[in-house]
Amino acid sequence: MQYGFVKTAALTPSIRVADCAYNARQIIEVLRGAAAAGAEIACLPELCITGYTCGDLFFQPVLQQGARDALADVLRDTAGLPLLFVLGLPLTHGGKLYNCAAVCQNGRVLGVVPKTHLPNYNEFYEKRQFTPAPAENGVIDLSGAQVPFGTNLLFQCGTQPALTLAVEICEDLWAPLPPSTRHAMAGATLICNLSASDETIGKAEYRRALVTGQSARLLCGYVYADAGEGESTTDMVFAGHNMVAENGALLAETAPFCGGMALTDIDVERLAGERLKNTSFPAEDSANYEVIPFALPQNVSPLTRIVSSAPFVPADAEQRARRCDAILAMQASGLKKRLEHTHAKTAVVGISGGLDSCLALLVTVRAFSLLERPLSDIVAVTMPCFGTTERTRTNAQRLCEALGVTLQHVDITQTVRSNFADIGQDEARHDVTYENTQARVRTLVLMNLANRLGGLVIGTGDLSELALGWATYNGDHMSMYGVNASVPKTLIRHIVASVADETESSALRQVLRDILDTPVSPELLPAENGKISQQTEEIVGPYTLHDFFLYYAVRWGFSPAKVYYLARQAFAGEYTNAVLLKWLRNFYRRFFSQQFKRSCLPDGPKVGSVTLSPRGDWRMPSDASAALWVAQADALEE
């Protein structure tokens, strides 16, 4: 267990109906396998010690005692395993029979949770044998030990404060108000569901939706263990459909009828952090609960869950294409509204031949199409100066021609030189003033041209640049509407590629492909032999890394140490630890020092879960100290 990750397993033993001794051996075997795989929490199916499909055999004292004896066998033979597990069995208590989950660790039962909602419709008739859980907690006698018994039990981990476990059983999840809702409001971050859900057409999809949806509503981890091989097939079949979900995302799953174990890592720190800032989630109230402490060994095992190196970009091609189109639609819709509201006669876009301005122009074209206005009303402006290359200048022209927008060329060289003379800047000195003067003159041209034409300047800067402050204050930092403001650089590349894939224009496709192949550069330093000399990622670092850092540092609020830990998982074999640390430290220094640029951003649409708008998701003082974050980053070792 490290950085809040708890390795969790949902597993299904192969059983025999009513053969408790055999089932105990199978349970012990799968628990040993789960422990060997590094599992710290394991969930088994409903009534797995006896089998769910025993019917009226549940009334037989022989089966009832057999279940207790089998539980004792399991406890004895798993006492040395470094995990907490939950399994199902029938138990008598107070003269009634209950469908129960026993929470076990290190040879003893920590608590017993009876099932609340008993299905008694269609193929189910549980009320024939079982009694619903009592309203109040009590104690149950298990081999002479007095064990907490009831639905209001929380199991709290002393070695991982963010881990609090609670239990519900099968139909409980299907009810209008599942017990897990109360459990989460009382502080449970991990819900185990012991289930025996028979398989019918379409049920797997519905079951999956229930599990992921509940984990999203409750901001929790949800472990669902389903009955499978060995249950009676007299009237039903069981598929062993095991799942582990976290906050709406399905992290691990076993396909129905395929067996195996769903094993993954749930990040309980992430869940606790999300609850902390979500004002719709109530403060914890465990007044009616009994809290049972337990501890897990501080083992460190490799992460099982996949950590994507591109968290903003869906790995699935179809999903990625849908997301790209949805973002374009949001950007265009936002711009459409702004153009209508301001009665703008035109939109002015500075076009460089690079990715960001390309996307901004594509968005503007779509917005004008929505308005049913001629694309010739869009004015794209190239502003060559000292660093402009033939490749980018040509691509800018080809792009405008392929889209059918109006293109203007404004060579700003003399204006920049005039400003150099005004302020006493030596043109041979290629410092920050040399670069920023060009950027500000470009913005000056765009603003003045927009005034003359009665239009709006459309911003081209993206989320990644804003995070790093890689923009000239009052230069490309400023516009009248920033359509790319919440789109990260790694995603911009895919949006442009998606347009290239979908367009029927071969001319547009060709120029978009070449723009995608062009190195990212502001082109503010003189070209070398006609080629770009200033490549952004050589200066500030790879955008793939910075977008990764941004996602986890801002969206989830992770510490530099945890971001580094995840980066090592995601970029193993691609970047060395030394390179990761170099750019991680650079990210934190730049992110804090450049907040002043984000504090006065122009308007722009939010399109994803991360945005740095000072009016929206990100409120931060411009003079906040980075000392704590930088110190932790500097202390990290390769």
Please say which of D73, D19, L44, I27 ends up in a side chain to side chain contact (heavy atoms under 4.5 Å, CB included) with I49.
I27
Specify the closest pair of heavy atoms between C48 and I15, including all atoms of both residues, with the distance to one decimal.
O-CG2, 3.8 Å
For S215 versus T212, what's the shortest heavy-atom pair and its separation?
OG-O, 2.7 Å
For I140 versus R68, what's the shortest heavy-atom pair and its separation?
CD1-NH2, 4.3 Å
Count the heavy atoms of every other residue, nucleotide or ligand shown that sit under 6.0 Å from OH of Y125, and state whether that count exceeds 12.
no
E46 (side chain) donor-acceptor with A196 (main chain) under 3.5 angstrom
yes
Quick one: does any side-chain atom of Y222 pair with a main-chain N or O of G248 as donor and acceptor, under 3.5 Å?
no
Measuring from atom CG of L71 to atom SG of C20, what distance do you get when rounded to the nearest 0.5 angstrom?
10.5 Å
R208 side chain reached by Y224 side chain, heavy atoms, under 4.5 Å:
no
Do you see a donor-acceptor pair shorter than 3.5 Å between the side chains of Q214 and S180?
yes
Taking side chain as C-beta onward, heavy atoms only, is V74 less than 4.5 Å from L31?
yes
Apply ring pair (Phe, Tyr, Trp, His ring centres under 6.0 Å) to H241 and list each qualifying residue two or more places apart in sequence or on a separate chain.
none
Exercise: do T234 and S232 side chains pair donor with acceptor under 3.5 Å
yes
Would you say the side chain of L296 lies within less than 4.5 Å of the side chain of L163, judging by non-hydrogen atoms?
yes
Below 30° counts as parallel, above 60° as perpendicular, anything between as tilted: where do the rings of Y551 and F312 land?
perpendicular
Assess, by modelled atom type and distance only, whether the side chains of Y575 and R568 contain a donor and an acceptor separated by less than 3.5 Å.
no
Tell me whether R555 contacts the main-chain N or O of V610 through its side chain, where contact means a donor paired with an acceptor under 3.5 Å.
no
Could you go through the side-chain contact (heavy atoms from CB on, under 4.5 Å) check for V223 and M243 one step at a time?
CA-CA 6 Å; V223 188; M243 292 174 280; over 6 Å; no
Check for a donor-acceptor pair, side chain of S464 on one end and backbone N or O of K489 on the other, with a separation under 3.5 Å.
yes
Could you tell me whether the side chain of T189 and the main chain of T164 form a donor-acceptor pair under 3.5 Å?
yes
Let me see the working for D198 and V237 under side-chain contact (heavy atoms from CB on, under 4.5 Å), right down to the final yes or no.
CA-CA 6 Å; D198 64 316; V237 292; over 6 Å; no
Salt bridge between D267 and K562, side-chain N to carboxylate O under 4.0 Å?
yes
Strictly distance-based, threshold 3.5 Å: is any side-chain N or O of S498 a donor or acceptor partner for the main-chain N or O of H494?
no
What is the ring orientation for F571 with F548, classed by angle as parallel under 30°, tilted 30 to 60°, or perpendicular over 60°?
perpendicular
Approximate separation, where rounding is to 0.5 Å, of F155 CZ and Y289 OH
11.5 Å
Apply side-chain contact (heavy atoms from CB on, under 4.5 Å) to residues L251 and T8 and explain how you reach the verdict.
CA-CA 11 Å; L251 301 183; T8 309; over 6 Å; no
Would you call R207-E253 a salt bridge at under 4.0 Å N-O?
no
Can a salt bridge be assigned to the pair D265 and K7 using a cut-off of 4.0 Å between side-chain N and carboxylate O?
yes
So that I can tick it off, tell me whether R25 and D77 are bridged by a salt bridge, with the cut-off set at under 4.0 angstrom between side-chain N and carboxylate O.
no
The reported gap from CG in L89 to CG in L47 (rounded to nearest 0.5 angstrom) is 7.5 Å
Sequence neighbours left out, what passes ring pair (Phe, Tyr, Trp, His ring centres under 6.0 Å) with F294? Give chain and number order.
none
E168/K115 ion pair, N-O < 4.0 Å
no
Does P132 reach the side chain of T116, with side-chain heavy atoms less than 4.5 Å apart?
no
Side chains of N152 and E290, donor plus acceptor under 3.5 Å:
no
What's the spacing between H183 NE2 and L153 CG if we round to 0.5 Å?
8.0 Å
Taking the side chain as every heavy atom from C-beta outward, state whether Q64 and F58 have any pair of such atoms under 4.5 Å apart.
no
For the residue pair V109 and V103, establish whether any side-chain heavy-atom pair is separated by less than 4.5 Å.
no
Do any N or O atoms from the side chain of T181 and from the backbone of P179 form a donor-acceptor pair under 3.5 angstrom?
no
Would a line drawn from the ring center of F558 to the ring center of Y3 be shorter than 6.0 Å?
no
For a quick test of reading the model, state the closest non-hydrogen atom pair linking Y588 to S559 and the distance between them.
OH-C, 3.9 Å
For residues 87-118, the ring pair (Phe, Tyr, Trp, His ring centres under 6.0 Å) pairs (sequence neighbours left out) are H93-F149, Y98-F149
Do Q65 side-chain atoms and Q60 backbone N/O form a donor-acceptor pair below 3.5 Å?
no
Rounding to 0.5 Å, atoms CG (L580) and CZ (F549) come to a distance of 6.0 Å
What closest approach, in Å, do G4 and Q160 show between heavy atoms, and which atom pair accounts for it?
CA-NE2, 3.3 Å
Mind running side-chain contact (heavy atoms from CB on, under 4.5 Å) on L142 and V112 for me, showing each step along the way?
CA-CA 10 Å; L142 289 177; V112 173; 3.9 Å; yes
Measure from the side-chain N and O atoms of D547 to the backbone N and O of T490, and report whether any donor-acceptor pair falls under 3.5 Å.
yes
Going from CD on E229 to OG1 on T12, what distance comes out if it is rounded to the nearest 0.5 angstrom?
10.5 Å
With a sphere of 6.0 Å drawn around CD of E123, does it hold more than 12 non-hydrogen atoms of other residues, nucleotides or ligands?
yes
Have D56 and Q129 got a donor and an acceptor in their side chains that come within less than 3.5 Å?
yes
Counting N and O atoms only, with roles assigned by atom type, does the side chain of E231 sit under 3.5 Å from a partner on the main chain of Y52, one being a donor and the other an acceptor?
yes
Atom of A9, atom of L263 and distance for their closest heavy-atom approach
CB-CD1, 3.8 Å
